[in-house]
Amino acid sequence: MPATPSPREPGEPAFVIEGRRYAPAPYAPGTLAFQYWQGEIALERAIRVWEDLFDRDFAAWQGGQPLRVRLRAGRDLNAFYDRKSLQFFFDRDKTSGRTVYACESLDVVTHEAGHAILDVYQPGYWSSVDLETASFHEAFADCSALLTTLTDASVRRAFLEEGAGAGRKSNLVSRLAEALGRAIFDNYGPGALGDPTRLRDANNSFRYEPPESLPAGAPDSDLAGEPHSFSRVFTGAFYDLLVWLLAREAKRDPGEAGVDRARRLAGRLLGRAVETLPPGEARYRAVAFRMREIDQSEEGGVASIGIEEAFRQHGMALPALAARGRRGARSGGRRGSEQGARRGRMAPSRALRALDPDRPGGAAALNAALGLPGRTRLKRTSMPGRLGSGVREQFIHRDWIRVRHPALRRPGGVLVRVLCGCTLTRGPSGDVEQATIAPHPHPTAAAMTRHVRRWLALGAIDIRRDGLRTTKAHFKARTPFRVGRGGVLERVYFE
Ligand SMILES: [Zn+2]
């Protein structure tokens, strides 16, 4: 298939929409020309939104190659990201008779772009078998859709007219992928989707429970231990934070510019948390905790109460900030000492320099802080910040844990990759400014077996010895995991 690269601004990650390129003009929905521009504009917008929110610009995708975009990949009511491409599917809505194209939905395109963008900042989440981490990937993708939708001033005005989330009403911003949801409901019935007006709704009251304790499947009105279902807990909390920030903003500016400021702050807190979280796993509470730390250190604490309330409403209470340390509620307070979640905690500032692997003794000190033997070699990746703002580095230790289970039909079992390590940011002078660590030891084989068993129950692992060849074949079979070379369990796609 011929592919025409479209010109990007320098420093932006490249994507290539397959097929011919169309001149800009008004086109009818359902035509390739319309879909070409819809895809182009939606992707461009998602990239711009996140470039604005992160301190570190992403000039390349995970893997370094331009992302290929296939607008009409085949029949399905879905789409996927597989580290090489974004592929969008289409199908006929049996009730309306119309063909629904996933690539025409801004929500779907910006959701898939969200997977690709998170993968740039936290590539370790990709092959994690931790159900909560996989669910966070989905939640981040839905937040990407929410934040991109709200960059449109006419959407912001309509959102205000609908009450801007007040009174816990579902609305045009909280409802995600409306057309796709309608087609899934029409074609597969209420068993597949309880509410025909959307695929998922960020305005929800789902409360956190350990995802492993939830059933593998449940009606859409209940929570299941499946990533798309469980993602709604985090997305719901993020949306509630947005509504809280909006109510605060509305006291000063009830117009759509106030909505945009609330959007930008909520997005920035999430983006900065994602940039600075340690490698390994993404647990909802640890992400929220990090968002509050970012708010305290970078935003003057204006959102901390909102973060606490939003996450508490969804069953995730954060430890209290020390009264004298809280910023925002009181002015001028010093940051108190946090004894929060073990993973994702900030290293005390005095110890930061000692952990710098570029300084004498730093590598050994970092290993000691991680609980690793002194000579362990960590894999280092760097991501430059914006002009003059220093770099972010991740130091990662990878390990493989052997998991055996009869359903895998492999006497040697499979190897599950687990990570620990450190994310640090340096100032313009090169000094370490922040560091977060996810320490060793890694989870036990028994804990990993529980995770793998859940993916097996979801039918999500292709266990055949000869395996499926293409991502699309995996996607059709609904198996996002495969057993790769050396028996290593790998992710193939996020949908
Ligand atoms: Zn997804």
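Every number for a ligand or one of its atoms is a count from 1 in the order of the listing. What's counted below: heavy atoms across the whole structure, side chains too, no hydrogens, waters or symmetry copies.
By the side-chain hydrogen bond (donor to acceptor under 3.5 Å, both in side chains) test, T425 is found to be paired with no residue, residues two or more places apart in sequence or in another chain being considered. Partners of A59 under the side chain to side chain contact (heavy atoms under 4.5 Å, CB included) rule, at least two apart in sequence or in another chain, do not exist in this structure.
Rounded to 10°, the angle that NE2 of H115 and NE2 of H111 form at the Zn ion (ligand 1) is 100°. When rounded to 10 degrees, the angle formed at the Zn ion (ligand 1) by O (E495) and OE1 (E138) equals 120°.
The distance from the Zn ion (ligand 1) to the nearest N/O/S atom of D142 is not under 2.8 Å. The distance from the Zn ion (ligand 1) to the nearest N/O/S atom of H228 is not under 2.8 Å.
Here the rule is side-chain hydrogen bond (donor to acceptor under 3.5 Å, both in side chains) with S174, and of T149, N203, D201 only D201 fits it.
Taking the six-membered ring where tryptophan is involved, the planes of F494 and H137 are essentially parallel, since the angle between them stays under 30° and well short of 60°.
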